[in-house]
> 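The structure under discussion is supplied below as structure tokens; questions concerning it will follow.
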Amino acid sequence: MPSPFLTPGSIAQANDVALLHLRRDQTIPTILRATDSEHDGYKEGKVSNTRFGSFPHSTLINQPWGSQIVASKVDTGSRGRKPSNKRKAEELEASATTTGAEDDGSSAKKPEAAASGFLHLTYPTPESWTLSLPHRTQVVYTPDYSYILHRLRARAGATVIEAGAGSGSFTHAAVRAVFNGYPNEESATKKRRLGKVCSFEFHEQRAGRVKEEISEHGLDGLVEVTHRDVYEDGFLLGDPKTGRSPKASAIFLDLPAPWLALKHLVRKPASGIESPLDPSSTAYLCTFSPCLEQVERTVRLMRELGWLDISMVEVNHNRIDVKRERIGLDCEGVRGATVFPKSVDEALSKLLTDDERAKRLRQAHLEGTRVNPSSREDTTREPKDQSTPTYNLGRLVHRTESEIKTHTSYLVFAILPRDWSEEDEQKCRQKWPSDK
Ligand code: SAM
């Protein structure tokens, strides 16, 4: 099954994962189901209930991605359908649901909102998935993972080791980075190396849930999830001692104690088991740790184990909010008109002396009108400024957004060169004989 994360095509198909985009900061992930087997096979399929109305999946399936979909006239949210099994219940809880098959939590509280709105049907991307996925742990956000994947040289055909998988946020970004553009079966015939993410997670339920999501998202074969304590058992696939090597060239460790896993990431493991690293490539490593003590321990061990080019980066991603600021002293008058001064000087010139203010308040009291005693403006007239061009309405100022969705951590990068043997040296000399 092609994954809508990698090759969405132009039309939303049944069983695709889709993101129902309600507004800038609210998106609901859902799997499009033509019939709702969990709820007696309703013919309109599964129904997503949102604050903007109910959306039977029959109105979403076979629509072009990006379509604006109008809410159903039928109030499908009021049936009070309940999730019928535990997993479904957890899923609903994770996406802040309260009633119905899928719900953004508002339709039960605001039944009048049903059938009043619309949404946009969008295909998933790692970025939008990161913002809408059910959080089971802290996750790595886009500003960090885009930089990490770039530094790890995660490119088409590469193999990435990741631990722990957590909520699968990094997993989705990594698989897109290494996808070689061909469905699994075609990779072999086209002789393209199949890019792969080998993901390890020691929490059993989390590992199980990531596995299910990978399957639901059509990413089987490209992501292999292993339930494993990597500190103890390392990174081989299958059996920890005799299993296959993933032959990874990139490793990302988002673990509480990454230094405990480093002993397994060597060219020649002491116990004689196979190395999980690709022998023909440099290995690129990144660890993600929230505090400097963890960084120090990691760096110390990296040095002992021969990792080179060690560096630390903190990605400090700020969204900057740019707006025109009109400096205070609004002059609210009897008709509610508000006139803003254009500069600080103008604002100051409008301030009245204490005497003038007192006189004005007395007058207003006698006339029974509302005035702003601080303003020199004649508040009973319409503002003169209605035709003022926007650029003249105030100075442009910028502020950083107060709530930034990024898990601040220190990223430690290092590389481990490939082993170089006498045989490699000879091969090299044959290829470039003039090199001394
Ligand atoms: N990178 C993930 C994401 O973007 O969604 C989040 C990872 S979360 C912060 C850390 C995960 O590491 C947790 O799910 C935890 O269960 C897992 N973990 C901790 N120690 C582990 C170990 N020894 N082996 C494997 N996984 C481990």
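For ligands, and for the atoms within them, numbers begin at 1 and follow the listed sequence.
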> Picking from Asn62, Ile61, Leu32, what satisfies side chain to side chain contact (heavy atoms under 4.5 Å, CB included) with Gln13?
Asn62
> Are side-chain heavy atoms of Pro269 and Glu274 found at a separation under 4.5 Å?
no
> Can you name the salt bridge (charged side-chain N to carboxylate O under 4.0 Å, His left out) partners of Glu304, sequence neighbours left out?
none
> Could you pull out every donor-acceptor pair under 3.5 Å between side chains of residues 287-299 and any protein atom, sequence neighbours left out?
residue	atom	partner	partner atom	Å
Gln294	OE1	Cys291	N	3.1
Gln294	NE2	Pro256	O	3.0
Thr298	OG1	Gln294	O	2.7

> With distance as the sole test, does Ser132 use its side chain to make a donor-acceptor pair with the main-chain N or O of Ser128 at under 3.5 Å?
yes
> State whether the shortest distance between N or O atoms of Val230 and N or O atoms of ligand 1 falls below 3.5 angstrom.
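Yes, at least one N or O pair falls under 3.5 Å.
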> Show me which atoms of ligand 1 lie under 4.0 Å from any heavy atom of Ser167.
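So the answer, numbered in order with elements, is 5 (O).
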> Can you list the ligand 1 atoms lying under 4.0 Å from a non-hydrogen atom of Asp229?
22 (C), 23 (N), 24 (N)
> Any nitrogen or oxygen of Thr137, side chain or backbone, less than 3.5 Å from one on ligand 1?
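No, Thr137 has no N/O under 3.5 Å of an N/O on ligand 1.
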> Can we say Arg176 and Glu127 salt-bridge, meaning some charged N sits less than 4.0 Å from an Asp/Glu carboxylate O?
yes
> Is NZ or CZ of Arg151 both nearer than 6.0 Å to the six-membered ring centre of Phe413 and within 45° of the ring axis?
yes
> Any N/O of Pro256 closer than 3.5 Å to an N/O of ligand 1?
no
> Output the list of atoms in ligand 1 that are nearer than 4.0 Å to some heavy atom of Phe170, sorted by atom number.
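By the 4.0 Å cutoff, the relevant atoms are 3 (C), 4 (O).
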> Just to be sure I read this right, does ligand 1 sit under 4.0 Å from the backbone of Leu255, its side chain, both, or neither, counting only heavy atoms?
side chain
> Would you kindly specify which portion of Glu201 sits under 4.0 Å from ligand 1, judged on non-hydrogen atoms: side chain, backbone, both or neither?
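Both backbone and side chain of Glu201 come within 4.0 Å of ligand 1.
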> Can you check whether Glu162 has an N/O within less than 3.5 Å of an N/O in ligand 1?
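N/O-N/O distance under 3.5 Å: no.
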> Is it the case that ligand 1 has an N or O less than 3.5 angstrom from some N or O of Val139?
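Between Val139 and ligand 1 (N or O atoms, distance only) the closest approach is not under 3.5 Å.
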> With a cut-off of 4.0 Å, which atoms of ligand 1 are near a heavy atom of Gly166?
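So the atoms of ligand 1 that pass are 6 (C), 7 (C), 14 (O).
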> Hey, which atoms in ligand 1 end up nearer than 4.0 Å to a heavy atom of Gly168?
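In order of numbering, the contacting atoms are 5 (O).
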> Below 4.0 angstrom from a heavy atom of Ala165, which ligand 1 atoms are there? Numbered from 1 as shown, please.
2 (C), 3 (C), 5 (O)
